Amino acid sequence: MDDLPLFSSATAPPVLIDDVPATVYEKPELNDPQRLAVENCDGPLLILAGAGSGKTRVITYRIAHLVQNGVSPFRIMALTFTNKAAAEMKERASEILRGQRVNSWISTFHSACLRILRKDADRLNYPKDFTVYDANDQSRLIKACLAELGLTDKEHPARQLGSMISRYKSAGKGPVEAENEYRAHRDEVFARVFQLYETNLQKSRCMDFDDLLAKTVTLLRDHKPVRDYYTDRFTHLMVDEFQDTNGVQYDLVKLLTGPDKNICVVGDDDQSIYRWRGAEVGNFSRFERDYHPKIIKLEQNYRSAGNILKAANAVVSKNLDRKEKKLWTGADDGELIKVYTAEDEVDEAHFVANTIKSALNEGSRSLNEFAIFYRTNSQSRTFEDALRRNGTAYKIFGGLKFYDRKEIKDILAWFKAILNPFDLVSFKRIINTPPRGVGTVTVEKLEELAVENGLPLIHAIEDEKIVDQLSLGASKKVHALAEIIGKLRAITESSPAVDAIGSALTETGYLTWLEEEEKSEARTRMENLQELENAAEEFAQTNGDTTMSAFLDHASLLSDADNVDEQAGSVKLMTVHVSKGLEFPMVFVTGLEDKIFPHARSLGDPAQMGEERRLMYVAMTRAREVLHLTHARSRRIFGVGQRNKPSEFLADIPPAVCKLDSSHPVYRPTGYEGPRKAPIYKPAVPQNRIPSGAAAPVKTEGGFAIGMKVVHKTFQVGVIRKIDGVGEKCRLTIYFPRFGEKKLIKKFAGLLQA
DNA sequence: GCCCGCGGGGTTTTT
DNA sequence: CCCCGCGGGC
């Protein structure tokens, strides 16, 4: 693997080899651009940091450099997206600054904002002890709003409305903009729900995740003394993963920038994979326009072997509108990238599991050197099965987060309700959980009585005179509930959070309830609750704060308790999104098929396809030494077998850096023909034919199938998502990238195959 | 008020 | 196929 032309396309950046002594890879010192990035501390700076270019090192050394040059750590703020990144940065900064107290703010955007708001929320007509709502709470509140408007969750899914609301708020917009921007009936509903949601949120004295950012922006923008306080204190500001910032975060950063404009943002446009969530890559150019920063590019990759980098570059360089960048490495080419064509998803999983097993048997690698990536969570299942069959320890990352689990939320809701009597979502959650005979009828009656008496519901329930107005049976049950609330309130006020949680588990009857339920999940749930107590204890010890409200803040913002580094001794499984920021010696990127990765919903939309491509780039650049790419010729999707072409990304990888992997004994379902010899990477042509022949049936009707691309005279190109009914009554749900989802009657739509 | 069974829907998700 | 949430029956 030597002097072959590395890239067929003229636009692809060259990869420079052997430009730098090998020791650099082993023990990295600061290279020239890195040193510039560290030492340029005056005025605005934009660091374009390619994958694996030592970004974290640069940020931490910058902090150290500032401190050594007389800037007090007290005046430094660094903003990240994840708690993990913040923790790592904090730890490494304190290592470098041995012994010095690092009282900088190194935290996520959200916790920095929460901290700011806890101090001054009263200026926004919020109590300082407002509650933070997560996506689940938000969804419950939206459902309540829908009900209030006489609408159903069916026609307007709360989750979908929630993400629309979030998208608006991330762009700094509210219900008024929503109303102005939409005219169609469906969206009028959206604006009304949005409006009511905002009103009810305020009434509940709660903020959702997006509010934490948006309200901080309002606070800083409209209250000069507050803004002055922060811009005076923080003379040096740093922002990590700048490509992932949304509109509101950009505004926030701008408001926090002091008069000296010592602001440094770090990011990589090629790793922007959260555009769908409101991230605006345009913030890079906005930053350049607003600040005229110095620009430093970190282009030397210290992570991946040469071939991996060449392949990754080849994939991402097909995107247009990239920042000019030439990522290179001083490392050797390393092994060729292995491409495996599996018969189906079971074969794919076995190939991966067996490859890992034989590498382990050779003794050269340990369990935690392996990672398996997939595009969607549902793909994890077959890998779990295969690994389990091989007796290989594994751990899945992502998925349901600890603090999002039902049992955890059920218990914490008691304290949220007690600490904020206006938080109806939390209170309603616990009124009859576990079931104690206080049903909807009783609650409705109580709500009326509460309104009449001008009391929040939870206080009304504790008011004997009010409860006595209920029927005898109901009032007894409500009294019992009030008693629990009273006890928990007392212990919350007097004792550490751990003890309060402990007594909630027994007093509310939650543990007994779980014990009685003879379900298989009950055991895990109880273990999780035990873990909740541990978490409260641990939080108190590390933060020196035993109060419930502090723990609740922690729980709502630090939502993933799992830490990849701490899970030694297991193969790691995760979606590509979750893999961002991590690295592993041996990586398997799986499901590389048209409609899986790139995902079907991205096909036909250039912007979304660009993001899929970056996603692939992120996945590949996680690998240090060995990269396996796998795809299956057929795969069960929603229980139905489907044939998919190899992903077009496979075709983008220069043949010179990869080889077909056929060396392993694989699991062979009947009909397996052995590994293919012919080149499998033909540039993908748009898949628009109904899968035929041996393929299992896909839902079809009159020449149309789910996933098929079609052309409509008004809406142009779209992808069929759903087919309802047959013949004359056949209705097609089609997603048009430019117009959104439309339901059309086949007979009248005049559709053509794309 | 509770529980089971049906039906709908299923991309990614740092906080 | 598999998970969820709602509604109807008990």
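Fair warning: this is a prediction, and the values are worked out from it, not measured in the lab.
When the side-chain nitrogen and oxygen atoms of A:Thr442 are compared with OP1 and OP2 of B:dG1, one or more of them lie within a distance under 4.0 Å. Contact annotation: A:Thr575 side-chain N/O to B:dT13 OP1/OP2 distance is under 4.0 Å. OP1 and OP2 of B:dT14 both lie 4.0 Å or more from every side-chain N or O belonging to A:Asn83. When the side-chain nitrogen and oxygen atoms of A:Asn377 are compared with OP1 and OP2 of B:dG10, none of them lie within a distance under 4.0 Å. Here A:Asn246 does not reach the OP1 or OP2 of B:dT15: none of its side-chain N or O atoms lies under 4.0 Å away.
When each of B:dT15, C:dC1, B:dT12 is scored by its nearest atom to the side-chain atoms of A:Lys401, the top-ranked nucleotide is B:dT15. For A:Arg381, the listed nucleotide lying nearest its side chain is C:dC3; candidates were C:dC3, B:dT13, B:dT15. Side-chain proximity of A:Arg375 to the nucleotides B:dT12, B:dC2, B:dT15 is greatest for B:dT12.
Salt bridge A:Arg635/A:Glu593: present, at least one basic N to carboxylate O contact under 4.0 Å. Using a cut-off of 4.0 Å between Lys/Arg side-chain N and Asp/Glu carboxylate O, A:Arg633 and A:Glu345 are scored as not salt-bridged.
C:dC4 and B:dT13 have their P atoms separated by 15 Å, given to the nearest Å.
Nearest-nucleotide positions on DNA chain B place A:Val438 closer to the 5' end than the other of A:Glu611 and A:Val438. For the pair A:Thr440 and A:Ser602, both in contact range of DNA chain B, the more 5′-proximal nearest nucleotide belongs to A:Thr440.
A:Leu557 places its CG atom 19 Å from the P atom of B:dT13, with the value rounded to the nearest Å. We find that NZ of A:Lys477 is positioned 8 Å from P of B:dG1, with the value rounded to whole Å. Note: CZ (A:Phe373) to P (B:dT12) measures 16 Å, nearest angstrom. Look at OH on A:Tyr617: it is 24 Å from P on B:dT12, rounded to the nearest Å. Rounded to whole Å, atom P of C:dG5 lies 15 Å from atom CD1 of A:Ile142. In this structure, the CZ atom of A:Arg277 is 7 Å from the P atom of B:dT14, given to the nearest Å. In this entry the distance linking NE2 of A:His577 with C1' of B:dT12 reads 4 Å, nearest Å. Taking atom CD of residue A:Gln160 and atom P of nucleotide B:dG10, one finds them 8 Å apart after rounding to whole Å.
Under a cutoff of 6.0 Å and an axis angle of 45°, A:Arg118 and A:Phe130 form a cation-pi pair.
A donor-acceptor contact under 3.5 angstrom links the side chains of A:Ser602 and A:Glu612, judged on distance only.
Residues that satisfy the side-chain hydrogen bond (donor to acceptor under 3.5 Å, both in side chains) test with A:Lys406, not counting sequence neighbours, are A:Asp410. Residues satisfying the salt bridge (Lys or Arg N to Asp or Glu O under 4.0 Å) test with A:Arg205, not counting sequence neighbours, are none.
Within the 4.0 angstrom heavy-atom criterion, base atoms lie near A:Tyr274. At the heavy-atom level, A:Arg159 lies under 4.0 Å from base atoms of the strands shown. Nucleic acid contact for A:Asp134: none, since no nucleic acid atom lies under 4.0 Å from a heavy atom of the residue. Within 4.0 Å (heavy atoms only), A:Lys143 reaches sugar-phosphate atoms of the nucleic acid but no base atom. Contacts of A:Gln249 with the nucleic acid, taken as non-hydrogen atoms under 4.0 Å apart, are absent.
In this structure, A:Phe638 forms no aromatic stack with the base of C:dC1, since the conditions of centre separation below 5.5 Å and plane angle below 30° are not both met.
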